[in-house]
There are 2 protein chains.
Amino acid sequence: DRQRKHYICTTFQKFGSNVGGGWVEAQNSRGTVGLVPEDYIEVKTILIISFVFDLTSLYRALDEIRKLCGIIFSSVYSFDEEWDDDSDDGKSTGGYGGSQVEEGGTMQRAGGHSTMKLSLNKFPGFSKTPNPEVYLLTKHIAKGDERLPIYTGEVGPVWLYPQTQLDCVVADPKKGSKMYGLKSYIEYQVTPNTTNRPVNHRYKHFDWLYERLVEKFACALPIPCLPDKQVTGRFEEEFIKMRMERLQGWMSRMCRHPVISNSEVFQLFLNYRDEKEWKLGKRRAEKDEIVGVKIFSNIDPELPELDPAQVEQKYEMYSQFTRSMDNSVKELLAVGHLHWKRCTGPLQKEYRQIGKAFQNLSSVFNTSAYPRESTLTEALTATGKTYEEIAEIVAEQPKKDLHFLMETNLEYKGLLGCFPDTITVHKAAIDKVKEADHLVVMNKISQQDKLIMEKNLSTMSYALQAEMNHFHSNRIYDYNRLMQFYLEEQVKFYETVSDGIPVCTDTINIEYGSL
Amino acid sequence: DRQRKHYICTTFQKFGSNVGGGWVEAQNSRGTVGLVPEDYIEVKTILIISFVFDLTSLYRALDEIRKLCGIIFSSVYSFDEEWDDDSDDGKSTGGYGGSQVEEGGTMQRAGGHSTMKLSLNKFPGFSKTPNPEVYLLTKHIAKGDERLPIYTGEVGPVWLYPQTQLDCVVADPKKGSKMYGLKSYIEYQVTPNTTNRPVNHRYKHFDWLYERLVEKFACALPIPCLPDKQVTGRFEEEFIKMRMERLQGWMSRMCRHPVISNSEVFQLFLNYRDEKEWKLGKRRAEKDEIVGVKIFSNIDPELPELDPAQVEQKYEMYSQFTRSMDNSVKELLAVGHLHWKRCTGPLQKEYRQIGKAFQNLSSVFNTSAYPRESTLTEALTATGKTYEEIAEIVAEQPKKDLHFLMETNLEYKGLLGCFPDTITVHKAAIDKVKEADHLVVMNKISQQDKLIMEKNLSTMSYALQAEMNHFHSNRIYDYNRLMQFYLEEQVKFYETVSDGIPVCTDTINIEYGSL
């Protein structure tokens, strides 16, 4: 840690060339020159950001840092693209820590120690609310591969769903190492159902994909955060299992999305054939021009145009719904977290104590030297042991039922946390169109411009409606599955416990007269 | 409270005559003369006692107080026998308060605010350990109605059990009043199975009986304490029900005891025909000479004499057993108390919160305006309501099962708390007999005296053995019954809960391709 502090450099120009194996030449504030692990450079950039709290100065600082980072990134990553995002500091949050449950997450990772670094640095549209003005004023005709049609489904406007549902399996985590063995990482095998050919990805690759998706789609589609990063216990079996499970959940959700799953970058992630194809694909994706609000220009609703009042009404409804659901999900997570803690803590302890107390009483009774003791002491011991078993069943139960309830709701909390940002873009567009009449009067825009704006706003609204309908159908599917599973497990639990309780049917009925 | 403090008089002679209606003339320390409720006099006697901690001075002080009390009691109670013991201060201890669970009770009532007043004041044998010396040195031939034979039963020495088991029902509590309506009390109907004729008794009558039994039998038989006194909530239905239940338990235990149930005072309590018979019987019982260690002179074991070593071995075993069981019972009470509090407190609250959270989520989902909502929202609402029901079931459960477990163990805690006093008398006798050889050498007693002492010690030991065998057979009966009941109720509980959980069998399986 002491060594690390040396490398906190504000003068980034002092970083030298990459010498290979993950080491970069650097000069610290006292002028000493040495080799720095490339990963540390990034960590310290984050550290600086997290000390800036005022929003205005934050944006200003971020602009500066972005420029500086550009220099570092180009100098460092031109040699080795493999910057490592697994290495940021963080504490293990096994189970469902309070911070995770209580904090909202607007465009942040769902963890307690997420930073805005990436979304702010790499997603130009979101350094402040993306401005839909240019999009609104331009006439668009969606065409080609990137065209995103919207149809009328049974439930209203819907995306075009593929014939076959894409899915993938995230499995088989393997430990790898680099930097001459100094650094280890976990590689997961991702196998899509289309090719059935596995590709390997590290967490940072998922993170790269996430960034691309946010850049490209987040104005129209809420992109759920990745499971949060952790350092402590990174190689512990349970942590790896948990992360894999969550990456699986995230990937499945992405696969289920007709727009995302069909995108070039997502297809690259699942289907690249070799390192070269991967690297080329990455460069291409990073240079994609259709990002931010521009995504709306690809959207092609084959439906009658909506007037601005209808658009606003839909906007209000979705805004209200996602906020309410966000609150409700957080409430369920909070009480689930409490219940988890009680089951694995005081309740387990108490059942153990009850078990011990019955067994102790049995032991004492056994010392009585009274001849008619055994039936009772056996019953007491059996009861005591049963309570010790109940203690373990109670403590294990959350893993069986609450776990899935918590995971599903955590996923939804993450997803709902992205809606405000997406929805804000729509709000900004609605406000712009509201100004249009005034702008026509002022001769700032033509009547024709105004009609284009309204047409474009209608397109944006259809995108939001299609997305909300996608969200609702997924939500109903997910929560139905959750409730079914949860209730079945609860019934199993109570049945297991009640089956385990020994019942003394052979109580001795002592006749007092016949002693 | 301020007014009360006036009456803390150390100069008891200053109490004047009883003016009727429960009022006594008194002079306080500042010389002011006024009327004092007679009950307060007693209360203050206790206050003084409780400030003396040194044992030697306690005994000395008690001797003084006993003499003084004699004066007061004779002056006060010659006018009105109806001193009222219901009126001492105490806090409501609804449920199973910590103090009740943790405190031991040597010859005290099982409550947190019991005092030694009565046992010390009215039971001369126990102002210090009753001295068995006079009994040991005298030759006894038990005869007449009061003879207490001991036989060899299947389990060893046993009391003579009656052909028909005496029992009684304590029921039908009724409110009465006295002191011109200023004071109210509760009268219980006690109906023995022998006469089937009910007699009425107030709590203080039970208390009077308890005192007589302690006086007469406590050297040989542990007399379990009465349920503790309370003022707060004395007329609340639940308190009356609880006290009645406990008085019933106490009476049943007394009825089951072959020596106690057959005693004149106990028979009087159950069978008196009118006020006159009751008052005469009371006087007679209060003048009974065969109290304290003298009770052993009535005991007639028709069994071979035991040598002192055998006696000591038995004594050690019983002493050890009752101490261990006392600890074990207290442990069970402590954990039962904790569990009770958790079930009716945080656990109920948590299940309610889970129920609310599910229902809130259901409400939010209902606002989605999405057409396929109802199956899910119905499942969520049903689950929410089920959890609210579980909350109530969990909170009610302790009354159904833990209550009986707690009551039985509280009774045993009270009973076990009396053993040390009874057992101490035996220890004193054993020590006296151990000294006998030395006393013979010193010519203080004759060889003949020594043999008489050993014979008497053997008789005492048979009494203890018969009593322990009685205790064991009752204990096995009580705990068998308890375990059977408790486990059945636990099974019912878990089955009720698992039966109440709705299981969604009709989960919607949304085909993503067919939107």
Side-chain angles (χ1 to χ4, degrees), chain A residues 153-155 158 161-163 165 256 317 321 324-325 328-329 331-332 335 338-339 342 346 350 353-354 357-358 360-361 364 367-373 375-376 379-380 383 469 472-473 476-477 479-481 483-484 487-488 490-491 494-495 497-498 501-504 507-508 510 512-513 515, chain B residues 153-155 158 161-163 165 256 317 321 324-325 328-329 331-332 335 338-339 342 346 350 353-354 357-358 360-361 364 367-373 375-376 379-380 383 469 472-473 476-477 479-481 483-484 487-488 490-491 494-495 497-498 501-504 507-508 510 512-513 515:
Chain A
E154 210 182 298
V155 297
V158 290
Y161 283 82
Q163 287 298 316
Q165 172 77 58
R256 286 202 304 220
M317 195 176 75
F321 181 84
S324 304
M325 182 168 169
S328 234
V329 162
E331 184 194 353
L332 201 55
V335 70
L338 259 177
H339 195 56
R342 191 176 311 285
E350 203 162 285
Q353 284 174 334
I354 295 174
F358 277 122
N360 286 348
L361 195 61
V364 171
T367 67
S368 74
Y370 192 76
R372 296 173 179 174
E373 207 70 65
T375 313
L376 176 57
L380 280 167
T383 306
N469 284 332
H472 284 321
S473 80
I476 288 174
Y477 174 82
Y479 277 89
N480 262 321
R481 202 167 57 129
M483 291 313 291
Q484 179 162 20
L487 295 173
E488 277 171 10
Q490 282 280 294
V491 170
Y494 286 107
E495 282 177 355
V497 173
S498 89
I501 296 172
V503 177
C504 324
T507 298
I508 300 171
I510 295 166
Y512 289 97
L515 273 167
Chain B
E154 207 183 298
V155 297
V158 290
Y161 284 82
Q163 287 296 315
Q165 172 76 58
R256 287 202 301 222
M317 194 175 75
F321 181 85
S324 304
M325 182 169 169
S328 233
V329 162
E331 184 194 353
L332 200 54
V335 70
L338 259 179
H339 194 56
R342 191 174 314 281
E350 204 162 284
Q353 285 174 333
I354 295 174
F358 277 122
N360 286 348
L361 196 60
V364 171
T367 67
S368 74
Y370 192 76
R372 295 173 178 173
E373 207 70 65
T375 313
L376 176 57
L380 280 167
T383 306
N469 284 331
H472 284 320
S473 80
I476 287 174
Y477 174 82
Y479 277 89
N480 262 321
R481 200 167 57 128
M483 291 313 292
Q484 180 163 20
L487 295 175
E488 278 170 10
Q490 282 280 297
V491 170
Y494 286 106
E495 282 176 355
V497 173
S498 87
I501 296 172
V503 176
C504 325
T507 297
I508 301 171
I510 295 169
Y512 287 98
L515 273 166

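So you know, we letter chains A, B, ... as the sequences are listed, proteins then strands, and number each from 1.
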Query raised in the report: chain A: which of B:P371, B:S368, B:S324 shares the most heavy-atom pairs with it under 4.5 Å?
Result: B:S368

Report task. Using a cut-off of under 4.5 Å on heavy-atom pairs, state which of B:Q353, B:M325, B:R342 scores highest against chain A. Result -> B:R342

Can you measure from [atom1] ([X]) to [atom2] ([Y]) and round to the nearest 0.5 angstrom?
X: B:L380; Y: A:Y479; atom1: CG; atom2: OH; answer: 8.5 Å
X: B:R372; Y: A:E154; atom1: CZ; atom2: CD; answer: 4.5 Å
X: A:L487; Y: B:T383; atom1: CG; atom2: OG1; answer: 4.0 Å

So which heavy atom on [X] is nearest to which on [Y], and how close?
X: A:S498; Y: B:E495; value: OG-CG, 3.7 Å
X: B:E350; Y: A:V335; value: O-CG2, 3.9 Å
X: A:I354; Y: B:H339; value: CD1-CG, 3.9 Å
X: B:L376; Y: A:I476; value: CD2-CA, 3.8 Å

Query raised in the report: What residues, two or more places apart in sequence or in another chain, satisfy side-chain hydrogen bond (donor to acceptor under 3.5 Å, both in side chains) together with A:E331?
Result: B:N360

Report summary line: Sequence neighbours excluded, the answer for side-chain hydrogen bond (donor to acceptor under 3.5 Å, both in side chains) partners of A:S328 is none

